[in-house]
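What follows is a short report on a single structure.
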Amino acid sequence: MIEGPVWLVGCGNMGGAMLRGWLAHGLDPASVTVIDPRAEGLPAGVRHLSAVPPDGEVPVFLMLAVKPQMLDQVTPAVAPIVGQGTLLASIMAGVETASLAARFPGAGGILRIMPNTPAAIGKGVIALRATNVAPALLATVEAMMGVLGIVEWLAEESHFDIVTALSGSGPAFTFRFMEALAAGSAALGLPADQALRMARATVEGSAMLAMASDETPFALAEKVASPGGSTREGLNVLDRDDAFSTLIADTLSAAHRRNQELAAAAR
């Protein structure tokens, strides 16, 4: 875990989930400052400020956890306190390293992070890419992010737009599928509360099985589907004219396209 002043500029759902994960794994709350006028319910011991202080310690780790559209609102106040001893991290979707470097030229290194909300329970997917970060510090960063879930280093910065659509937005798409499973079962006559409990457990168990297996998700689905059985009939609907695959591809493409638009706006 990184030692020294840790600052979070913004602490909404994602930033807050990451902070709670770090605190649960040994980050000293007394070393943390959250700068967010709207932050509520922060963990005990964390310093909370509504604005960047005009003076004080230079943070060792400063994470920008605001919406990408707010980048130029926070830059004037934050840039002066980012020095060579500061690792600047960003979880802002679409904001490229070059855009960060142009606004924070004094940073000692830049770390782009794309987490997702399951990080709140240590089951996140954390995509990383570092620029001008010392190798020894990279190991510390990987350990710090590893307490939140699996860590994936990206070879190309352009991959962030894809990963943001896949794992960043993926939980929302999965929740929609879970809701549809429950709603469809309730429409067939199952009590709605029972349908939702069973849909949640079905998605959880299926995901755990997929993680534990060396087989592809397609192969696992085929194992469930007996010839002429009810599962096969349901899969026939999903597979007809590639409707399900097309829907998911279109969903990811829409999210990917929006990430590219956010990147262009931040340049």
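As the structure is a computational prediction, the values presented were derived from the model and not from experiment.
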Give, for atom SG of Cys11 and atom CZ of Arg20, the distance between the pair rounded to the nearest 0.5 Å.
-> 7.0 Å
Shortest non-hydrogen pair, Ala165 vs Phe173, comes out as O-CE1, 3.5 Å
How about Thr97 and Glu157: does a side-chain donor come under 3.5 Å of a side-chain acceptor?
-> yes
For the residue pair Leu148 and Gly21, what are the closest heavy atoms and their distance?
-> CD2-CA, 3.9 Å
In the single-linkage hydrophobic clustering (I, L, V, M, F, W, Y; side-chain heavy atoms under 4.5 Å), do Trp22 and Val125 co-cluster?
-> no
Check the pair Met18 / Met145 against side-chain contact (heavy atoms from CB on, under 4.5 Å), numbers first and verdict last.
-> CA-CA 9 Å; Met18 296 173 75; Met145 300 302 161; 4.3 Å; yes
Greater than 12 external heavy atoms within 6.0 Å of Gln84's CD | yes
Between the side chain of Ser206 and the main-chain N/O of Thr202, is any donor-acceptor distance below 3.5 Å?
-> yes
Check whether any side-chain heavy atom of His25 lies under 4.5 Å from a side-chain heavy atom of Met144, and answer yes or no.
-> no
Which atom of His48 lies closest to which atom of Ala39, heavy atoms considered = CE1-O, 3.6 Å
Charged N-O contact under 4.0 Å between Arg232 and Glu222 | yes
Go through Val34 and Leu19 one step at a time and tell me if the side-chain contact (heavy atoms from CB on, under 4.5 Å) criterion holds.
-> CA-CA 10 Å; Val34 169; Leu19 175 58; 4.0 Å; yes
Taking atom CG of Leu166 and atom CD1 of Ile248, what is their separation to the nearest 0.5 Å?
-> 11.0 Å
Do you reckon Val52 sits in the same ILVMFWY cluster as Val32, going by side-chain contacts under 4.5 Å, direct or chained?
-> no
Is the number of heavy atoms from other residues, nucleotides or ligands within 6.0 Å of CZ (Arg176) greater than 12?
-> no
Might you confirm whether atom CG of Asn13 has over 12 heavy atoms from other residues, nucleotides or ligands at distances under 6.0 Å?
-> no
Mark yes or no: Arg112 above the aromatic ring of Phe160, with NZ or CZ under 6.0 Å from the six-membered ring centre and no more than 45 degrees from the axis.
-> yes
Hydrophobic cluster identity match, Ile113 and Val163, side-chain contacts under 4.5 Å = no
Got a donor-acceptor contact below 3.5 angstrom from the Ser226 side chain to the Gly229 backbone?
-> no
Does Ile91 belong to the same Ile/Leu/Val/Met/Phe/Trp/Tyr cluster as Leu138, with side-chain heavy atoms less than 4.5 Å apart forming each link?
-> yes
Less than 4.0 Å between a side-chain N and a carboxylate O, is that true for Asp161 and Arg257?
-> no
Do Leu64 and Leu100 pass the side-chain contact (heavy atoms from CB on, under 4.5 Å) test, and can you show the C-alpha distance, the side-chain angles, and the key distance before you say yes or no?
-> CA-CA 10 Å; Leu64 298 172; Leu100 294 168; 4.0 Å; yes
Which heavy atom of Ala51 sits nearest a heavy atom of Ile35, and at what distance?
-> C-CG2, 3.6 Å
Would you give the length of the straight line joining atom CE of Met114 to atom CD of Glu152, rounded to the nearest 0.5 angstrom?
-> 14.5 Å
Check whether any side-chain N or O of Ser169 sits under 3.5 Å from a backbone N or O of Thr164 as a donor-acceptor pair, and report yes or no.
-> yes
Do Val78 and Phe104 have side-chain heavy atoms sitting under 4.5 Å apart?
-> yes
Any Pro59 side-chain heavy atom under 4.5 Å of Ile81 side chain | yes
In terms of heavy-atom contacts, does CD of Gln69 have more than 12 from other residues, nucleotides or ligands at under 6.0 Å?
-> yes
Closest heavy-atom contact between Pro171 and Ser167?
-> CD-O, 3.0 Å
Value for CG (Leu247) from CZ (Phe177), rounded to nearest 0.5 Å, stands at 11.0 Å
Would you say Leu62 and Leu137 are hydrophobically clustered, going by side-chain heavy atoms of ILVMFWY under 4.5 Å?
-> no
Any donor-acceptor pair under 3.5 Å from Asp36 side chain to Arg38 backbone | yes
Starting from the C-alpha separation in whole Å, work towards a yes-or-no answer on salt bridge (charged side-chain N to carboxylate O under 4.0 Å, His left out) for Glu156 and Arg129.
-> CA-CA 8 Å; Glu156 303 289 341; Arg129 186 173 172 82; 5.5 Å; no
So does Asp250 have more than 12 non-hydrogen atoms from other groups sitting under 6.0 Å from CG?
-> yes
Test side-chain contact (heavy atoms from CB on, under 4.5 Å) on Val60 and Glu3 and set out the steps.
-> CA-CA 8 Å; Val60 170; Glu3 296 181 1; over 6 Å; no
Roughly how far, to the nearest 0.5 Å, is CG of Asn259 from OG of Ser158?
-> 12.0 Å
To the nearest 0.5 Å, what is the distance between CD (Gln194) and OG (Ser185)?
-> 10.0 Å
Do Thr86 and Phe61 come within less than 4.5 Å of each other through their side chains, counting heavy atoms only?
-> no
Might you point out which heavy atoms bring Leu87 and Val141 nearest each other, and give the distance in Å?
-> CD2-CG2, 3.7 Å
Give a yes or no on whether the backbone of Leu71 and the side-chain of Thr75 come within a donor-acceptor separation of less than 3.5 Å.
-> yes
Mind checking whether Leu8 and Val6 have side chains closer than 4.5 Å, heavy atoms only?
-> yes
